[in-house]
Amino acid sequence: MCLFSEMAQFEEVSQKSKLHPKPEGLTLQYGTAGFRTHAKHLDHIMFRMGLLATLRSKKTKSTIGVMVTASHNPEEDNGVKLIDPMGEMVTAMWEGYATQLANAEQDSLLKELKDIIEKEDIDMSQTASVYVGKDTRPSSASLSQAVLDGVSSLGGKTHDYGLVTTPQLHYMVCCCNTHGCYGSPTVEGYYQKLSQAFLQLTQNASNRTDDQKRLLVDGANGIGALKMREMEPFLRSELQLVLSNDGSSGKLNHMCGADYVKVQQKAPQGMNIAVGERCCSFDGDADRIVYYYTDSKGCFHLLDGDKIATLISTYLKELLTQAGLNLQIAVVQTAYANGSSTRYLEDVMKVAVCCTKTGVKHLHHAAQEYDIGVYFEANGHGTVLFSKAAQKQIQELVKDSDTNDERKRAVKLLESTINLINQTVGDAISDMLVIEAVLAIRGMSVQDWDAIYTDLPNRQLKVTVSDRRVIDTTDAERRAVTPEGLQDAIDSLVKKYKSARSFVRPSGTEDVVRVYAEADTQENADSLAHEVSLAVYRLAGGVGDEPKSFH
Ligand code: 16G
Ligand code: MG
């Protein structure tokens with residue numbers, strides 16, 4: 001590009017950025033999953049993320065995604081997530097650039113922009129393409145417009161998908177950059193690919209009754225509900241959805257959604273649940289899902305990400321055996337995974353288990369190391385990754401005319417399962433369909449699934465300290481290195497209880513230290529969590545009142 005047109009481009013950025021001014025002094029961090037805060041602080045961030053996505057697109061010579069959403073946060077908040085070429089989350093290096101650009105004061109924006117261009121040696125004459133999506137928040141319309149403005153001010157091309165779930169946008173980006181190999185980059189293409197795979201799988205489940213096909217879905221009053229309505233006809237009554245919290249009256253994420261259900265350990269409001277009925281909840285941007293039911297004693301049973309990982313990995317392992325395929329399967333968890341799930345997977349299922357730091361990108365990367373990597377956070381975010389080599393072996397075996405019927409059936413099931421899974425990121429809709437298909441094929445009820453293992457009682461608490469960075473952890477956040485004495489204190493507290501485990505870590509999304517404890521009884525888990533909270537409060541600079549006991 002000639003110097004003159006490059007200068008004209010920067011002039012345009014400079015002019016347009018004045019329409020999206022940064023409030024002086026405001027600093028925000030690209031956190032665990034993008035920027036997230038009250039929507040009123042985000043207009044300049046969105047414009048600048050449009051700029052950054054354009055640079056990233058020029059650098060990678062691929063389409064980049066920008067999703068406007070604040071997931072499970074309250075309706076008044078908003079946020080933005082950047083999506084890399086293969087549909088994965090943007091790399092750590094560029095998260096740093098995002099923070100750098102977001103916090104540049106108005107008069108140094110161009111300087112910071114040029115700094116990134118120089119550091120990354122970006123050819124500004126390269127074309128750029130950015131896909132943009134948004135959730136249903138009232139603020140999302142104008143904020144996504146700010147992203148579009150950012151892209152066009154740097155001469156990038158945009159495709160505005162409007163209202164889509166976060167995983168749908170990840171899928172579109174991957175479809176585009178793989179030139180259709182992953183599917184066609186339209187919402188309809190997504191419905192077609194997933195529903196076809198689902199219908200193929202459920203053909204293998206005989207004599208399902210309408211009761212077995214029935215599933216109650218809590219849409220968190222968000223985008224997931226809208227998209228389930230659109231997808232429903234594609235499923236041809238093989239799944240009979242009863243949708244509540246569909247956004248027609250309630251507020252987004254308010255007393256409903258996956259996060260509410262997981263944290264409160266109770267059913268969402270606005271859902272009429274009969275005894276034993278299978279239910280699930282999406283979060284606000286439909287990248288997380290949890291299942292649950294209530295028993296005849298009125299007791300609430302949660303089936304979280306650990307139970308989902310167990311169900312799916314058990315099913316896949318069985319199919320691999322039946323298909324006679326020697327592929328390595330592993331489950332990736334975080335420190336929050338219930339100890340019972342890890343024990344069951346390692347000791348009973350003989351599946352390799354690996355533990356990473358909290359945050360989807362860490363799990364995703366770890367899962368890429370295996371032929372088949374099943375990863376789920378306890379909170380319900382997760383998916384399954386199949387290596388290229390594994391997919392090739394499966395596809396070749398499908399075509400092999402020499403295989404016997406049992407092997408053929410198993411390998412076809414594997415093939416359809418791959419098509420049903422959104423491998424780019426955790427996807428509530430895709431995960432839900434996988435779970436429903438597995439339950440159907442194996443003839444399992446939600447109670448049978450729940451009975452695979454029993455969760456250890458656990459408790460999570462938060463402690464406010466003056467600077468949470470004084471806590472440094474190691475061993476996938478399971479041990480505290482600093483402050484001195486804290487890990488010793490935790491170790492001796494844990495020894496007092498049976499089947500106990502506890503760890504602390506600074507939150508990546510809130511200004512608190514998180515405490516997790518599990519033990520043989522709820523009372524013991526509660527006491528241990530409280531005692532560890534006190535140790536954090538005393539040794540890591542607690543502020544405000546001392547943490548109080550539960551009982
Ligand atoms: C973000 C992460 C989630 C993680 C949570 C931890 C993504 C898409 N989301 O929501 O995976 O569990 O942060 O929050 O990566 P915390 O650091 O406050 O405990
Ligand atoms: Mg989410």
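Just follow the structure's listing: the first ligand is 1, and inside any ligand the first atom is 1. The structure displayed is predicted, hence computed values, not measured ones.
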Next item on the list: Look at the N, O or S atoms of Ser71, main chain and side chain alike, and state whether any lies under 2.8 Å from the Mg ion (ligand 2).
Entry: yes
Margin query: I need the atoms of ligand 1 closer than 4.0 Å to a non-hydrogen atom of Ala33, numbered in the order shown.
Written below: 7 (C), 8 (C), 9 (N), 15 (O)
Next item on the list: May I ask you to check if ligand 1 and Pro506 share an N or O to N or O distance below 3.5 Å?
Entry: no
Next item on the list: Compare every heavy atom of Glu531 with every heavy atom of Tyr497, then report the nearest pair and how far apart it is.
Entry: OH-OE1, 3.1 Å
Checklist line | Sub-4.0 Å heavy-atom contact, Lys361 with ligand 1 | finding: no
Check: Ser281 and side chain to side chain donor-acceptor pair (under 3.5 Å): which partner among Tyr260, Tyr292, Tyr291?
Finding: Tyr292
Item checked: Nearest-contact summary for atom 2 (C) of ligand 1 - protein heavy atom, Å -> Thr32 CG2, 3.9 Å
Next item on the list: Please lay out, stage by stage, how Glu230 and Tyr191 fare under the test side-chain hydrogen bond (donor to acceptor under 3.5 Å, both in side chains).
Entry: CA-CA 9 Å; Glu230 278 176 22; Tyr191 296 143; 2.7 Å; yes
Next item on the list: Check Thr358 against ligand 1 and report side chain, backbone, both or neither, counting heavy atoms closer than 4.0 Å.
Entry: side chain
Next item on the list: State, to the nearest 10 degrees, the angle whose vertex is the Mg ion (ligand 2) and whose arms point to OD2 of Asp283 and OD1 of Asp285.
Entry: 90°
Note to self: Please determine whether salt bridge (Lys or Arg N to Asp or Glu O under 4.0 Å) holds for the pair Arg56 and Glu120, giving the CA-CA distance in whole Å, both sets of side-chain angles, and the decisive distance to 0.1 Å.
What the structure shows: CA-CA 9 Å; Arg56 182 78 182 142; Glu120 289 291 325; 5.4 Å; no
Item checked: Nearest-0.5 Å distance, CG of residue Asn524 to CG of residue Leu528 -> 8.5 Å
Note to self: Taking 4.0 angstrom as the limit and counting only heavy atoms of Arg514, give me the atoms of ligand 1 inside it, by number and element.
What the structure shows: 16 (P), 18 (O), 19 (O)
Next item on the list: Only heavy atoms count here, so choose which of Val425, Val512, Thr509, Asp259 is nearest to atom 1 (C) of ligand 1.
Entry: Thr509
Notebook entry, point to check: Within 45° of the axis and under 6.0 Å from the centre of the six-membered ring of Tyr30, does NZ or CZ of Lys81 qualify?
Noted result: no
Note to self: Within ligand 1, which atoms have a heavy atom of Asn379 less than 4.0 Å away?
What the structure shows: 12 (O)
Item checked: Nearest atoms (heavy-atom pairs only) where Asn221 meets Thr136 -> O-OG1, 4.1 Å
Checklist line | Residue and atom name of the nearest protein heavy atom (relative to atom 10 (O) of ligand 1), distance in Å to one decimal | finding: His72 CE1, 4.2 Å
Next item on the list: Just let me know how Thr334 lines up against ligand 1, side chain, backbone, both or neither, with a heavy-atom cut-off below 4.0 Å.
Entry: neither
Next item on the list: Compare every heavy atom of Tyr370 with every heavy atom of Gln328, then report the nearest pair and how far apart it is.
Entry: OE1-CD2, 3.6 Å
Item checked: Closest contact, heavy atoms only, Thr358 versus Thr334 -> CA-CG2, 4.0 Å
Notebook entry, point to check: Where the closest heavy atom to atom 11 (O) of ligand 1 is concerned, which of His381, Met89, Glu377 has it?
Noted result: Glu377
Check: Less than 4.0 Å between a side-chain N and a carboxylate O, is that true for Arg288 and Asp304?
Finding: no
Item checked: the Mg ion (ligand 2) to Asp287: nearest N/O/S atom name -> OD1
Next item on the list: Run the numbers for me: atoms of ligand 1, each under 4.0 Å from some heavy atom of Arg505, listed by number.
Entry: 16 (P), 17 (O), 19 (O)
Margin query: Is there a polar contact, in the sense of an N or O pair closer than 3.5 Å, between Ser507 and ligand 1?
Written below: yes
Next item on the list: Please determine if Arg505 and Glu477 form a salt bridge, counting it only when a charged side-chain N lies under 4.0 Å from a carboxylate O.
Entry: yes
Checklist line | Closest approach of any protein heavy atom to atom 15 (O) of ligand 1, naming residue and atom | finding: Val360 N, 3.2 Å
